[in-house]
There are 2 protein chains.
Amino acid sequence: MKKLLSNIKIEIPQEIYLKDPESSSLGKKILEYSIILIEEGGFENFNFKKLGKHIGSNESSIYRYFDSKHKLLVYLTSWYWGWIEYQLVLETYSITNAKEKLLKAISILTRTTKQDTNFSYINEVLLNQIIINENSKSYLTKDVDTENKEGYFMSYKRVVQRFSDIITAYNSQYKHSLSLANTVIEGALHQHYNRMHFKSITNCNSNITPSDFFTDLVLKTISVNE
Amino acid sequence: MKKLLSNIKIEIPQEIYLKDPESSSLGKKILEYSIILIEEGGFENFNFKKLGKHIGSNESSIYRYFDSKHKLLVYLTSWYWGWIEYQLVLETYSITNAKEKLLKAISILTRTTKQDTNFSYINEVLLNQIIINENSKSYLTKDVDTENKEGYFMSYKRVVQRFSDIITAYNSQYKHSLSLANTVIEGALHQHYNRMHFKSITNCNSNITPSDFFTDLVLKTISVNE
DNA sequence: CAAAATTAATAGTAATACTATTATTTTAGC
DNA sequence: GCTAAAATAATAGTATTACTATTAATTTTG
């Protein structure tokens, strides 16, 4: 993805952070290196002390940006889904044909991530790996309901809703567009995961991509009788 | 589910436990109350000290059954998928019609769990809630690959494969039966979760069940031209 | 009934996920 | 260029966690 817009910023609900990490160089380092460290060692083995060491900063300084490592994960997942939404809008905006739009949307939501040069301190390829491995941990907690009410998961839900709208635009008779949208988005993460760790329960490999599988699935499921 | 077989035991890979919890009354209490406590407070807030208190036993005694709370979770998920496999086999065995068999399989994999009186110390309804909330945490770790090699996730993978076979029996031309099987099984857990926590991104409610959604999806996706 | 196995009790450890306080450095306005 | 405010760093401390190790008491079994 090339530099198309120079002043874009992915919006993150304010409740998630104490101080906006995009507002300072330390904050940006926190984002940059937390992505590297979480991808490398997994979320469980990540902590603010290690992160501080890597960025030559102090644990206590990181706590001035984020309440907890959980909130940092919520920030990263929100950023990711905000970025996906941005691509969904940008890349389908000018498409008028509903089927073409649908196919493009599926492709965006199921493809392997490419680096986006618009955001220098975010490595989108590593972040995508974090989403595959850790996304569900951001909401599979006892606090989901309160955090959901406070808007922590808006970015993700907006992506599902936008994709659902694209499905409905193609076939207004289909009754389960939200569930289908959610199934494709989550399912794509699973297929990517299985390809890496559980090869025996997926058909996805170097020849068949998650995009192939889900394109076929969606088209057959909501196909309009022609 | 009524008592059909009196001497069945769900088989769990030996590597998962130090001492078979089904071999003693303390072991059975560990299973019974860990299910209650994990369902109640979530896996993160669960530990062996609390469990010991609840069963009037000592933390150190629990460690003689399981190396870690992670392995106990792997045990519970293995038990669950073993139990699902048992239902899949039992309830579809005598069905000769491929479509009927497929519909029954989807129903088993997506339905809301009912108590099974065959296993007195396992509350399957609570265990199903644990699977919805915690299943992915059993494998989304840095040790997946080694644990997978040691057979920790066999029960789950066997369910996917059996369902995939049922799909193939209905339509041998369909090329993505494993991915579809996995998508339905994981997707069903997600739809149940969304129904409870993220209502705005699912169509499942009191009128539309996950079974309805996935039955429609699978039939359309693999329908044989008639 | 004695030996073996199991369970309980106690203590201890390194790491985690923070909080609180104070000191130092950086930045911004005048 | 100075001062005040803001940001960051350093230090220390806490409760909890996820265990391990050792010994003692109890239960089971041959």
Side-chain angles (χ1 to χ4, degrees), chain A residues 14-34 37-38 40-76 121 134 137-138 140-143 147 152, chain B residues 14-34 37-38 40-76 121 134 137-138 140-143 147 152:
Chain A
Q14 285 204 12
E15 292 73 25
I16 295 173
Y17 52 79
L18 296 169
K19 180 183 166 152
D20 183 358
E22 309 220 34
S23 70
S24 76
S25 69
L26 176 61
K28 286 171 188 169
K29 269 191 198 166
I30 291 173
L31 298 183
E32 181 174 1
Y33 283 86
S34 64
L37 290 181
I38 294 173
E40 205 176 277
F43 184 65
E44 280 71 28
N45 301 311
F46 167 83
N47 65 46
F48 284 179
K49 201 163 207 166
K50 285 181 196 170
L51 175 58
K53 250 185 197 161
H54 270 84
I55 60 180
S57 184
N58 200 275
E59 191 190 1
S60 58
S61 304
I62 301 165
Y63 275 106
R64 309 199 98 237
Y65 286 83
F66 294 102
D67 257 352
S68 62
K69 71 171 187 169
H70 170 247
K71 287 217 183 166
L72 173 52
L73 179 63
V74 174
Y75 185 98
L76 294 178
Y121 46 94
E134 327 284 0
K137 296 175 193 168
S138 70
L140 292 178
T141 70
K142 272 289 145 183
D143 304 319
E147 294 189 345
Y152 285 32
Chain B
Q14 285 203 12
E15 292 74 26
I16 295 173
Y17 51 79
L18 296 170
K19 180 183 167 153
D20 183 359
E22 308 219 36
S23 71
S24 76
S25 69
L26 177 60
K28 286 173 186 168
K29 267 191 198 166
I30 290 173
L31 297 183
E32 181 174 1
Y33 283 87
S34 64
L37 289 181
I38 293 173
E40 205 175 276
F43 184 64
E44 280 72 28
N45 301 311
F46 168 84
N47 65 46
F48 284 180
K49 201 163 207 168
K50 284 182 196 168
L51 175 59
K53 248 183 198 165
H54 271 85
I55 60 181
S57 184
N58 201 275
E59 191 190 0
S60 58
S61 305
I62 302 164
Y63 275 106
R64 310 199 95 238
Y65 286 83
F66 294 102
D67 256 353
S68 63
K69 71 171 187 167
H70 171 247
K71 288 219 183 165
L72 173 53
L73 179 63
V74 173
Y75 185 98
L76 294 177
Y121 47 93
E134 327 283 359
K137 296 174 192 168
S138 70
L140 292 178
T141 69
K142 271 289 146 181
D143 305 318
E147 293 190 345
Y152 285 33

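Being a predicted model, the structure only gives us computed values, none of them experimental. Naming convention: chains lettered A, B, ... in sequence-line order (proteins, then strands); numbering from 1 in each chain.
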| message | Is Lys49(A) close enough to dA17(C) that one of its side-chain N or O atoms is under 4.0 Å from OP1 or OP2 there? | response | no
| field | Protein-nucleotide distance (Phe46(B), atom CZ; dT16(D), atom P), rounded to Å | value | 18 Å
| said: When you measure from the side-chain N and O atoms of Asn58(B) to the phosphate of dT7(C), is any distance below 4.0 Å, counting only OP1 and OP2? | reply: no
| message | Could you measure the distance from the CG atom of Leu51(A) to the CD1 atom of Ile30(A)? Nearest 0.5 Å is fine. | response | 6.5 Å
| Tell me: CG of Asn45(A) to P of dA18(D), nearest whole Å? | 13 Å
| note | By nearest-nucleotide position on DNA chain D, the 5'-leaning member of Gly56(A) and Asp67(B) is Gly56(A)
| note | Between CD of Glu44(A) and C1' of dA17(C) the distance, given in whole Å, is 14 Å
| message | What is the separation between atom NZ on Lys69(A) and atom C1' on dT16(C), rounded to the nearest whole Å? | response | 8 Å
| task | Could you grab the distance from atom CD of Glu40(A) to atom NZ of Lys142(B), nearest 0.5 Å is fine? | result | 8.0 Å
| query | Is Phe66(A) touching bases, backbone alone, or none of the nucleic acid, heavy atoms closer than 4.0 Å? | reply | nothing
| query | Pick the nucleotide of DNA chain C nearest each of Ser60(A) and Lys50(A); which residue has the one closer to the 5' end? | reply | Lys50(A)
| task | Rounded off to whole Å, could you give me the CD1-to-P distance for the Ile62(B) and dA9(C) pair? | result | 12 Å
| request: Report the nucleotide, chosen from dT20(D), dA8(C), dC18(C), that has the shortest atom-to-atom distance to any side-chain atom of Tyr63(A). | output: dC18(C)
| said: Can you pull out the residues from residues 16-30 of chain A that lie within a 4.0 Å heavy-atom distance of DNA chain C? | reply: none
| message | Main chain of Asn58(A), side chain of Lys49(A): is a donor-acceptor contact present, judged purely on distance under 3.5 Å? | response | no
| query | Given atom CD1 of Ile55(A) and atom C1' of dT8(D), what is their separation to the nearest angstrom? | reply | 11 Å
| Whole Å only: how far is the CG atom of Leu51(A) from the P atom of dC18(C)? | 13 Å
| said: Looking at Lys137(B) and Glu134(B), is there a salt bridge between them, counting it only when a charged N and a carboxylate O are closer than 4.0 Å? | reply: yes
| task | Would you kindly give the CD-to-C1' distance between Glu59(B) and dA21(D), to the nearest whole Å? | result | 13 Å
| For Ser57(B) and dT7(C), is the shortest distance between a side-chain N/O and OP1 or OP2 below 4.0 Å? | no
| query | Side-chain donor-acceptor pair under 3.5 Å between Ser34(B) and Tyr75(B), yes or no? | reply | no
| remark: Lys71(B) and Ile16(B) have their tightest heavy-atom pair at CD-O, 3.3 Å
| field | Phosphate-side-chain proximity, Ser68(A) and dA17(C), N/O vs OP1/OP2 below 4.0 Å | value | no
| task | Tell me, please, whether Phe43(A) has Lys69(A) positioned over its six-membered ring: NZ or CZ under 6.0 Å from the ring centre and within 45 degrees of its axis? | result | yes
